[in-house]
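Below: the structure, in structure tokens.
Numbers restart at 1 for each chain; the letters A, B, ... are given by sequence-line order, proteins then strands. Only this structure's heavy atoms are used, side chains among them; waters, hydrogens and symmetry mates stay out.
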Protein chains: 2
Amino acid sequence: MATIYQVSEAAGVSLATVSRVMNGNAKVSERTRKKVEDAMASLGYQPNAIAQSLASNRTNSVGLLVSELHGSYFGDLMSTVEHVLKQNGKHVIITAGHVDEKREHEAIEFLKSRRCDALILHAEAVSDDYLKTLVDSKIPVVVINRKVDALDENCFVVDNERGGYMATKAAIDAGHKKIAYISGPLFKKDASDRLAGHKRALQEAGLTFDETSVFEGDFHESSGQEGMQHLQKTFSDFTALVCANDEMASGAMTAAREAGFDIPSQLSIIGFDNVLFSRYLYPKLTTINNPIHAMGEMAAYWVLQHVYDIKSPIPIEHLFEPEVVNRDTLGKL
Amino acid sequence: MATIYQVSEAAGVSLATVSRVMNGNAKVSERTRKKVEDAMASLGYQPNAIAQSLASNRTNSVGLLVSELHGSYFGDLMSTVEHVLKQNGKHVIITAGHVDEKREHEAIEFLKSRRCDALILHAEAVSDDYLKTLVDSKIPVVVINRKVDALDENCFVVDNERGGYMATKAAIDAGHKKIAYISGPLFKKDASDRLAGHKRALQEAGLTFDETSVFEGDFHESSGQEGMQHLQKTFSDFTALVCANDEMASGAMTAAREAGFDIPSQLSIIGFDNVLFSRYLYPKLTTINNPIHAMGEMAAYWVLQHVYDIKSPIPIEHLFEPEVVNRDTLGKL
DNA sequence: CTCTCAAATGTAAGCGCTTACAAAATTATT
DNA sequence: AATAATTTTGTAAGCGCTTACATTTGAGAG
């Protein structure tokens, strides 16, 4: 593999000059630029990004931490972030934290050790304090889908409370009075916020909240099934079921069907997130759009602007609004 | 950020010694190891991976090229590869090629410029010749889901022809005689192989193949819908529909339902790939398992063995068998 | 107590690049 | 034509690490 030295020799110029034409920042005369470019082409020269990074203290790469490498939600996030950054000549290094404190921590340390210019984190398990330390250290950090006190400038979040409210409100507006709820793990902020929204909607409509109407799942499909089965026993006769995410809604739909309910005529179901497969479901799932795409985009723009001095084409905002996506699983009563 | 130099000073030893304890290969006395480790801990030292790579000519990272960062299929592949490699202390750098020759090429060059120790490629658009050149160059390369002549040792593929055969055979065994087919883009080897298998199954059963029974889609959901609509006109009255992937099968199901067909009593549908969401569909999709998980795992083990001298726990194989996954969309006639 | 020899540690030369600074070449000014 | 101002190019010192080789240390043998 050719090095810059060989190029400089072939072109009859110094190392510095070759470096200059590569980076295009300093001025080089047309004639020498041509010589150098020819030499590069004939040698098939490819700069060593590692050496560049070491010398320039700039890697042109942004670290992205997601919880999993699979799943619609993260697929969307990864795609979006990569798209925006790549358009601007930056690269993304992706790692997975698997919602485990130790592994998230390791993943972040890995990204730091690779000297990423910035970090975009969908960190769920790591502590607020750790994130604060991170932000206080040199490296620019952005947090997605998690609000950390005193880090508002670095967080991009959807209004989960509002989303939960909207989901339940939609059911109420459709005439439902007895509404069950399958929640995510309540130690997670987004899960508890969504539930809070649900309660607010009930209260506002003068409906009393019943503890037995809630099942705490784990955001996975199977806990949606479980939840549905459990709620039938403890809460029974509800006509609508709000789920804190689409996976659990899908599980609940399966369980409901097995229990003989027609959806939506006998049971309405509302999901949350609007992941890709929610419209593959039958009936197509009515859900709350979680603007993960917009958040990922915004996070990427933030990084471009703050780290690379590339002006964001849209104003940077930190709070995103959820939205009801009306499809076929919410029926009027 | 502390450097090795500061550690060596704090510990009162030379750079080389610090490096030795970091890498653990050369012998260091217990006493000095302790001193160095203490110094590292108190400084919060974190080795600079970039500098290590430059000096050692080893990055401990493997490049992974996928077509997209979203979607079940690639999610599965990324997760698997990362899992195996991370267990062995190696890291994965993921890029997307978007099934576009130029972008795939750029993505691969990026991985090379980052000096990955090896490349795992799900390359669809780039030419065979380019892949051969790549393999002939220094960098170890493995290709997933694509068979390149003379590169058998580097390819990990599923027997697509056989899979196509199995799908159609399953329909035939269930009594179907008039079978439609929605294909992927035929310039893609996997798509044409699957179609070839379909034809073989028909022939073997003494069924004649009719050109109008095939619709060439693009592997996306919408072309499944289109295909279904198109085939109703050109081929009509078929009782089974084989689709070259699950996305198109899902689209076809939607279109079929809109056209008033009950699945599977009036129309049987078979997919291909067995992606995660295929079991969320209603009815749950009968499909052909594409062992992407196994292939990704194998590719990762190949790299571990050939590049890092870590013995693979399972024998390296290159050809993977598809398998029928019986669920609810194939009905007996 | 000296001598060997192996084990532990140190020295210094890179890895391939960037970049401040110096030097040379070119252009403008008088 | 001589000098100044400006542009272009070269020189060399790092960036933070690894590693071949040289040196020191210490233990066991005589």
Side-chain angles (χ1 to χ4, degrees), chain A residues 1-40 43-61 109-110 112-117 138-139 308, chain B residues 1-40 43-61 109-110 112-117 138-139 308:
Chain A
M1 196 133 280
T3 73
I4 196 178
Y5 180 73
Q6 295 166 37
V7 173
S8 79
E9 240 184 359
V13 299
S14 73
L15 291 193
T17 302
V18 177
S19 175
R20 286 185 187 106
V21 348
M22 275 172 54
N23 295 296
N25 34 27
K27 26 215 88 228
V28 177
S29 77
E30 260 323 306
R31 208 150 48 86
T32 55
R33 147 163 291 117
K34 183 80 173 52
K35 278 195 300 187
V36 171
E37 278 167 353
D38 288 352
M40 282 177 170
L43 283 167
Y45 173 71
Q46 204 185 16
N48 182 326
I50 300 288
Q52 288 181 312
S53 297
L54 183 59
S56 67
N57 203 26
R58 217 346 121 81
T59 58
N60 283 315
S61 62
E109 295 301 314
F110 165 69
K112 282 172 64 184
S113 80
R114 301 300 304 182
R115 293 303 189 266
C116 291
D117 297 330
K138 272 291 153 44
I139 188 161
Y308 299 113
Chain B
M1 195 132 279
T3 73
I4 196 178
Y5 179 74
Q6 295 167 37
V7 173
S8 80
E9 237 183 1
V13 299
S14 72
L15 293 192
T17 302
V18 177
S19 175
R20 285 184 186 106
V21 348
M22 274 170 55
N23 295 296
N25 35 27
K27 27 214 89 226
V28 177
S29 78
E30 259 325 304
R31 208 150 47 87
T32 56
R33 146 163 292 117
K34 184 79 173 50
K35 277 194 300 188
V36 171
E37 277 166 354
D38 288 352
M40 283 177 169
L43 284 166
Y45 172 71
Q46 204 184 15
N48 182 326
I50 300 287
Q52 286 181 312
S53 297
L54 183 60
S56 66
N57 203 25
R58 213 0 116 76
T59 59
N60 283 314
S61 62
E109 294 302 314
F110 165 69
K112 282 171 65 185
S113 81
R114 301 301 304 181
R115 294 302 191 266
C116 290
D117 297 331
K138 273 289 154 45
I139 187 161
Y308 299 112

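- In this structure a side-chain-to-backbone donor-acceptor pair under 3.5 Å is present from Ser56(B) to Gln52(B).
- Side-chain atoms of Lys27(B) lie closest to dA8(C) of the nucleotides dA8(C), dC17(C), dT18(D).
- Residue Tyr5(A) contributes atom OH, which lies 12 Å from atom P of dG14(C) at whole-angstrom precision.
- For Ala16(B), counting side-chain heavy atoms from C-beta on, the closest listed nucleotide (dG10(C), dG16(D), dC17(C)) is dG10(C).
- The shortest heavy-atom contact between Ser53(B) and Thr59(B) is OG-CA, 3.5 Å.
- Nearest-nucleotide positions on DNA chain C for Arg115(B) and Gly12(B) put Gly12(B) closer to the 5' end.
- Heavy atoms of other residues, nucleotides or ligands lying less than 6.0 angstrom from CG of Asn57(B) number 12 at most.
- Surrounding CG of Asn23(B) are more than 12 heavy atoms belonging to other residues, nucleotides or ligands, all under 6.0 Å away.
- Using a 4.0 Å heavy-atom cutoff across all strands shown, Ser53(B) reaches no nucleic acid atom at all.
- Taking atom CD1 of Ile4(A) as the reference point, atom C1' of dG14(C) lies 16 Å away to the nearest angstrom.
- A straight line from CG of Asn48(B) to C1' of dC15(C) spans 13 Å, rounded to a whole angstrom.
- Interatomic distance, CG of Leu15(A) versus CZ of Arg20(A), reported as 10.5 Å (0.5 Å rounding).
- Between Arg31(B) and Ile50(B), the residue anchored closer to the 5' end of DNA chain D is Ile50(B), taking for each the nucleotide with the nearest heavy atom.
- Contact between the side-chain N/O atoms of Gln52(B) and the OP1/OP2 oxygens of dG16(D) is not found at any separation under 4.0 Å.
- Residue Ser56(A) has no polar side-chain atom (N or O) positioned under 4.0 Å from OP1 or OP2 of dT18(C).
- For Ser19(A), taking side-chain heavy atoms from C-beta onward, the closest of the listed nucleotides dT18(D), dT18(C), dC17(C) is dT18(C).
- Put simply, CG on Leu15(A) is 15 Å from C1' on dA20(C), counting in whole angstrom units.
- The two residues Ser61(A) and Arg114(B) make their nearest non-hydrogen contact at OG-NH2, 4.3 Å.
- A donor N or O paired with an acceptor N or O is found under 3.5 Å between the base of dG10(C) and the side-chain atoms of Arg20(B).
- Atom CG in Leu54(B) sits about 4 Å away from atom C1' in dC15(C), given to the nearest Å.
- Within 4.0 Å (heavy atoms only), Val28(B) reaches sugar-phosphate atoms of the nucleic acid but no base atom.
- Of the candidates dG10(D), dG10(C), dC17(C), dG10(D) carries the atom nearest the Thr17(A) side chain, counting heavy atoms from C-beta on.
- In this model, the phosphate group of dT8(D) is not approached by any side-chain N or O of Ser29(A) to a distance below 4.0 Å at OP1 or OP2.
- Between the CG atom of Asn57(B) and the P atom of dC17(C) there is a distance of 12 Å, rounded to whole Å.
- We find that CE of Met22(A) is positioned 9 Å from C1' of dG16(C), with the value rounded to whole Å.
- Within 4.0 Å of Val13(B), counting heavy atoms only, lie sugar-phosphate atoms of the nucleic acid but no base atom.
- Going from atom CG of Asn60(A) over to atom C1' of dT18(C) covers 13 Å, rounded to whole Å.
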